Asks: 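For reference, the structure I am asking about is given below.
Because the structure is predicted, anything quoted here is derived from the model rather than measured.
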Number of protein chains: 2
Amino acid sequence: MAKMIDVAKLAGVSVATVSRVLAGSGKVSKNTKEKVERAMKELNYKPNKLARNLRKLESKTIVVVIPDISNPFFTDVIRGIQQVAQQHDYYVLLGDTGNDVKAELDFIDLIKERAADGVILVTARTSPEKILEIAQEVPLVVACEYIKGAHLSMVTIDNVSSSQKVVDHLVSLGHRRIGFISGPLNVIISRDRLKGYVSGLKKHGLEQDSSLIQEGDFTISSGFESANRLLDLAEPPTAVFASNDEMAIGTIKAIKNRGFQVPGDIAVVGFDDIQIATVIEPALTTVSQPKFEIGRCTMEILLELIQNPSTRQEHVVLPEHLVIRESCGYPLVR
Amino acid sequence: MAKMIDVAKLAGVSVATVSRVLAGSGKVSKNTKEKVERAMKELNYKPNKLARNLRKLESKTIVVVIPDISNPFFTDVIRGIQQVAQQHDYYVLLGDTGNDVKAELDFIDLIKERAADGVILVTARTSPEKILEIAQEVPLVVACEYIKGAHLSMVTIDNVSSSQKVVDHLVSLGHRRIGFISGPLNVIISRDRLKGYVSGLKKHGLEQDSSLIQEGDFTISSGFESANRLLDLAEPPTAVFASNDEMAIGTIKAIKNRGFQVPGDIAVVGFDDIQIATVIEPALTTVSQPKFEIGRCTMEILLELIQNPSTRQEHVVLPEHLVIRESCGYPLVR
DNA sequence: CTGTTAGCGCCTTCAC
DNA sequence: GTGAAGGCGCTAACAG
């Protein structure tokens, strides 16, 4: 493996000059530049990133910490991140934690070991205090989740208002008894979606019935079980709003399982708009998050933060929209 | 950010000693070891990986090149890779190429720049010759795809025999007219699955009818279109074997779209066993690939190759199995 | 058991 | 416009 000095010798110049043409910086005469380039080609020279990184004390790498890479929601976010990263010559290190807080912290530590220049937390299991503390020391951006009142860079949608929009939609379809399946309530976005649901009811003068609210954990099976509890009610809902698509799918299964129709008997709405939402029958009406864009935006903010660590922290709220498909039918009169 | 020399000074020893306790190597008296550890803790010292990497001329990083990270099939493989990587203190760099050959080559180049110690190609768009050439120079393992007669480390399932098993199954259910939707035929695994289908027919004395074979491109929509062509036949098949789950889903949609039942009127089988296969209705009978295990195995082989580049190349064939769900019904007499 | 020292390959002042 | 030289922080001989 040829190194810079080999190129320098072959081209009859010093390593400094080679370094200059490599960086495209400084003044190098056209002539020597060509000589050097010829030598590089002849030796098939590739600069050693290990050496460069040490010299510049940067790794040109960022780490993306996610709870589970097999969750399709996250992969779209990652694609957005990687796209921007690539454009700026950054590499993406994968930090799949398997929902383990310890692993999450370990990946964050990569920055302190200089193996990464920044970190993106796609949702965070670590405590808010800890994250804030870490964010003081290293470039860090949180995507999809947010931490209340924190001086922290975050990119999310507005979970409250988007949930409220779902209720609006359901009410406009004539529903007045709307069930809600929340995510784990220790997660802020779950609470926000619940909040949007509640304020949506209030807005339309509907009474809140706590038996209509069930807590799930974002899995299909928890959606199935929660939906069953809803169906067991003396007066079951005519529509169910699940806090993510997986639980909405579980809900649909539960409803069909009892011989009812979706949306004929009960309407269902999901959240996230993952690919399965278009495949399931009936196709799911759901809140579409701009996943790819969230990734892109997050990475752009991180890049700024890396270049200028004192950049003001900001919370970017990206627009989402309700995608109306089949699972709650179309406007009609009940 | 404290460095080694700071720790050394505080502990009153030399950097060599600090390095030794860090590596857990060499002989260090219990006493000095404790002194050093205390100093490290006090300074909150983290060794600088950049420096270590340069010194040892290794990056402790491997790059996983995949065509598209939003494909659920790949994410399970990646999880397997990452698990083993983590156990061995390796990091995983994400190389999502977006199906671009140029990007694929660029990621492979990371090794020559010493930014990675090895590469895993999860499927390969680059030409076999090129890959072979590269594999001569750098530690490289190919997963899920294989290159015929090549001296190359690969981890796959047996696509031929598994496809044949599908035909066996379908025949045992009484089907004698079986349609086949292949993947793009410039990809070896597509050809292998086709080969298995053909030999399966032959084995059971069924004639091969080329109109029953349609080429798709592994997408849902191509499955839909291919299935439609099959359904347009004067004598349509009573069963359709699609070369992956996405196309099987497209097939189911096409069949339902014409008012037929699955499996009542036409049976459908897929390949891969991705999560959607369990969610779709009817749940898909499909060939289950050990995706996670493929990832694990691939990473283990790569690790060997990195440690000892002259390791004999090997082609590991992992066992797959047919998962019988609802989409082709259960044994019955026609 | 512990310290000294010479690099790993590159970038970047500082001279000229 | 070009060269010389000093590190970046760490590890691995080699001494002692």
Asks: Please name all residues satisfying side chain to side chain donor-acceptor pair (under 3.5 Å) with A/D272, sequence neighbours left out, ordered by chain then number.
Replies: A/Q289

Asks: Would you mind reading off the distance between A/N31 atom CG and D/dT2 atom C1', rounded to a whole angstrom?
Replies: 13 Å

Asks: Which parts of nucleotides 4-10 of chain D does protein reach within less than 4.0 Å, heavy atoms only, written one letter per nucleotide 5' to 3' as B for base, S for sugar-phosphate only and - for none?
Replies: B-BBBBB

Asks: With sequence neighbours left out, which residue pairs that include part of residues 59-86 of chain A fulfil the salt bridge (charged side-chain N to carboxylate O under 4.0 Å, His left out) condition?
Replies: A/D76-A/R79

Asks: Do the non-hydrogen side-chain atoms of A/Y91 and B/T61 ever get within less than 4.5 Å of each other?
Replies: no

Asks: Between side-chain atoms of residues 5-18 of chain A and protein atoms elsewhere (two or more places apart, or another chain), which donor-acceptor pairs fall under 3.5 Å?
Replies:
from  : atom 1 : to    : atom 2 : distance (Å)
A/D6  : OD2    : A/K3  : N      : 2.9
A/S14 : OG     : A/A16 : N      : 3.3
A/S14 : OG     : A/T17 : N      : 3.4
A/S14 : OG     : A/T17 : OG1    : 3.4

Asks: For C/dC1, does OP1 or OP2 lie under 4.0 Å from any side-chain N or O of B/T17?
Replies: no

Asks: Name the nucleic acid region contacted by A/V18, choosing base, sugar-phosphate or nothing; use a 4.0 angstrom heavy-atom cut-off, strictly under.
Replies: nothing

Asks: Can you tell me which residue pairs pass the salt bridge (charged side-chain N to carboxylate O under 4.0 Å, His left out) test with a partner in residues 83-98 of chain B, sequence neighbours excluded?
Replies: none

Asks: Taking 4.0 Å as the cut-off, does a side-chain nitrogen or oxygen of B/T32 come that near to OP1 or OP2 on C/dC1?
Replies: no

Asks: Name all pairs fulfilling the side-chain hydrogen bond (donor to acceptor under 3.5 Å, both in side chains) condition that reach into residues 128-142 of chain B, sequence neighbours left out, sorted by first residue then second.
Replies: B/S127-B/E129

Asks: Over how many whole Å does the gap from A/K9 atom NZ to D/dG3 atom C1' extend?
Replies: 15 Å

